[in-house]
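For reference, the structure is listed below as structure tokens.
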2 protein chains.
Amino acid sequence: MMPLSDNTSPAPKRPKGELARERLKSAAIALLDRVGYHQLRVKDITAEAGVAAGLFHHYYNGLDALIDEILEDHLAAFEATEQIERDVSKGDWFSRLRSHYRVAVQAHAAHPGIMRCIDQFCVDDPAFRARWQASYNRRLKLLAAVFPYVFPNSDLNEHEVNLVVHALSGIGQEVLRTRYIERNADLLALGLSEDELAEWLAALFYRGLFACNPPRRVLNHADRILSLKR
Amino acid sequence: MMPLSDNTSPAPKRPKGELARERLKSAAIALLDRVGYHQLRVKDITAEAGVAAGLFHHYYNGLDALIDEILEDHLAAFEATEQIERDVSKGDWFSRLRSHYRVAVQAHAAHPGIMRCIDQFCVDDPAFRARWQASYNRRLKLLAAVFPYVFPNSDLNEHEVNLVVHALSGIGQEVLRTRYIERNADLLALGLSEDELAEWLAALFYRGLFACNPPRRVLNHADRILSLKR
DNA sequence: ATTATTATTGAATTTGGATTCAATATCAAT
DNA sequence: ATTGATATTGAATCCAAATTCAATAATAAT
């Protein structure tokens, strides 16, 4: 399971080859929505792509190289939308959270297989694990960094802030995993749109962060959560 | 990856055999703290146990059968402590949460490898996945069931309550995973004892649940979290 | 002490799948 | 039309690891 980083996956030299290579990648992505990373077989991918088994190794150095490339693409996409978010997030805190969760919900809805694969691949490939955790932690630190401004009277030290941020991030992680990967019946039964779910998650995060409900006026869908208080 | 449930793993008929079988199980548990379930090899287990490779199949029908047995043991242990919890939890809400998290923290601290393995094995073995999810969901429903009493004025329907409960459960999940499985440097640097971490998690859960801080008097360690408010 | 049962060994076999590669087809350039 | 480069095929090969099993050792029963 040696981490091959970008390595020497042979590149196609003609449009036709380019196409075949893409077809293999798409086939793998499609399959990941149906089976886990450890169930994935080279033969299944080539079958799904409609090419001979041997062609796979003409374009990829092995399953891990392909997976790594797929996940790397998505990691790059995340980082890109994160940039966008910074602009969006000039607004109030609740809007920032909501727009953040919109992106996260969309990612899970569009590619549940890839999101699941990230977790699985992290266990096996130390190099990818390092990159993914670094990316995730960096995003959390972004939030942790503004704590002193949001809570000028806070007594928490840096590490405690990190604990809080990690904890709150679990709210979205768990719901998205349960809803889109596990496809839990209860959460499916809610029938929430992606925007609605994003708002609920933002509201729940907000409560954990500020120990109070978000103001009613910012809520479009999840205002019933306001009734949850002592 | 056929789920063999308990199946026909041959039972030893003498104390000596019983011992060898246990040694194999312990060896596997020890290894799981070091490597992931998919890295686990029969040969490694027999080596760790100090027996010949062939003996493994004398006592187990394959790796999955052993893993299934190990996880089943722990699942049973969880369910048992849950019973105890109900007695402990006659107190106030915060104490209930804290004693719940004490058990969860202890489980992760004592057997990080097994906790990680649960997630991985769930992906591969549908039968175990069903049992684990059922067990997890049942515990969440226990909490959801008391919502009407805790929040008599709540407008949330049953599914929405489930969403909230799932979301809040993510707080502990993510922190425990990050602290004990990923061994995240920031969380390790906190140097919290198991009881202290349990209290922090309880406090964070409490904030998400009630949209307010827990009363100062119930906090022994995590009282600095009270300074997090607007 | 002999016999039957269970435990243990490790080399041989099987298995599931990745990987290679020689042969063939397609394409672009001249 | 010929040539050289790239693309594609699928059967043959390889490989790591699980699994089997005949042989041997330990133990219990008589």
Side-chain angles (χ1 to χ4, degrees), chain A residues 1-4 7-28 31-32 34-70 120-121 123-125, chain B residues 1-4 7-28 31-32 34-70 120-121 123-125:
Chain A
M1 197 71 47
M2 179 142 4
L4 301 163
N7 74 41
T8 47
S9 284
K13 315 206 166 173
R14 288 186 193 161
K16 195 184 177 203
E18 193 67 53
L19 184 72
R21 193 175 196 277
E22 280 310 306
R23 284 162 64 75
L24 283 167
K25 200 192 278 195
S26 307
L31 281 171
L32 279 176
R34 287 179 251 149
V35 303
Y37 155 60
H38 285 103
Q39 275 56 57
L40 204 59
R41 300 282 166 260
V42 169
K43 244 182 54 178
D44 298 333
I45 296 175
T46 53
E48 175 90 8
V51 301
L55 196 59
F56 181 85
H57 289 88
H58 201 251
Y59 294 122
Y60 296 101
N61 274 329
L63 256 183
D64 284 357
L66 169 56
I67 299 293
D68 192 67
E69 189 172 313
I70 289 172
Q120 299 180 232
F121 197 59
V123 178
D124 290 355
D125 187 310
Chain B
M1 199 69 46
M2 180 143 1
L4 301 164
N7 73 44
T8 46
S9 283
K13 315 206 164 170
R14 288 187 192 159
K16 195 184 177 202
E18 192 67 55
L19 183 70
R21 194 175 194 277
E22 280 311 307
R23 286 161 62 74
L24 284 166
K25 202 193 275 196
S26 307
L31 281 171
L32 279 177
R34 287 179 250 150
V35 303
Y37 154 60
H38 285 103
Q39 276 54 61
L40 204 58
R41 301 283 167 259
V42 169
K43 241 181 55 177
D44 298 334
I45 296 175
T46 52
E48 175 91 7
V51 301
L55 195 59
F56 181 86
H57 289 87
H58 201 251
Y59 293 123
Y60 296 101
N61 275 328
L63 256 182
D64 285 357
L66 168 55
I67 299 293
D68 192 68
E69 189 174 310
I70 288 172
Q120 298 180 231
F121 198 60
V123 177
D124 291 355
D125 187 310

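Within every chain, numbering begins at 1; the chains are lettered A, B, ... in the order of the sequence lines, protein sequences first and strands thereafter.
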Exercise. Compare the minimum distances between each of C:dT26, C:dT8, D:dA28 and the side chain of B:R14, then state the nucleotide with the smallest one.
Key: D:dA28
Quiz item: Are B:Y60 and D:dT19 close enough that a side-chain N or O sits under 4.0 Å from OP1 or OP2?
Solution: no
Quiz prompt | Separation of atom OH in B:Y59 from atom P in D:dT20, rounded to whole Å | solution = 16 Å
Quiz item: The side chain of A:K16 lies closest to which of these nucleotides: C:dT26, C:dA18, D:dT27?
Solution: C:dT26
Quiz prompt | Atom pair distance, as rounded to whole Å: CG in B:L66 and P in D:dT19 | solution = 12 Å
Quiz item: On DNA chain C, nearest-nucleotide positions of B:A53 versus B:P12: which is more 5'?
Solution: B:P12
Exercise. Compare all side-chain heavy atoms of B:D44 with those of B:E48 and state whether any distance is below 4.5 angstrom.
Key: no
Quiz item: Where the side chain of A:A20 is concerned, which of D:dT6, D:dT9, D:dT8 is the nearest nucleotide?
Solution: D:dT8
Exercise. Could you check A:V51 against B:G54 and say which one's nearest nucleotide on DNA chain D is further toward the 5' end?
Key: A:V51
Quiz item: With under 30° as parallel and over 60° as perpendicular, where do the rings of A:H38 and B:H38 fit, or are they tilted in between?
Solution: parallel
Exercise. Rounded to the nearest 0.5 Å, what's the gap from CD1 on A:I45 to CD1 on A:I67? Could you check?
Key: 6.0 Å
Exercise. Whole angstrom is fine here: how far is it from CG in B:L24 over to P in D:dT19?
Key: 14 Å
Quiz item: Could you state the CZ-C1' distance from A:F56 to C:dG17, rounded to the nearest angstrom?
Solution: 13 Å
Quiz item: Closer to the 5' end of DNA chain C via nearest nucleotide, is it A:R41 or A:L55?
Solution: A:R41
Self-check item: Distance in angstrom units between A:E18 CD and C:dC27 C1', rounded
Solution: 16 Å
Exercise. Could you tell me whether the phosphate oxygens of C:dT20, OP1 or OP2, come under 4.0 Å of any side-chain nitrogen or oxygen in A:H57?
Key: no
Self-check item: B:F56 and B:V51, any side-chain heavy atoms less than 4.5 Å apart
Solution: no
Quiz prompt | Distance, nearest 0.5 Å, that separates CZ of A:F121 from CG of A:D124 | solution = 7.5 Å
Quiz item: Which whole-number value in Å describes the distance from A:L19 CG to D:dT6 P?
Solution: 18 Å
Quiz item: Rounded to the Å, how far apart are B:Q39 CD and D:dA17 P?
Solution: 11 Å
Quiz item: Which whole-number value in Å describes the distance from B:H38 NE2 to D:dA16 P?
Solution: 19 Å
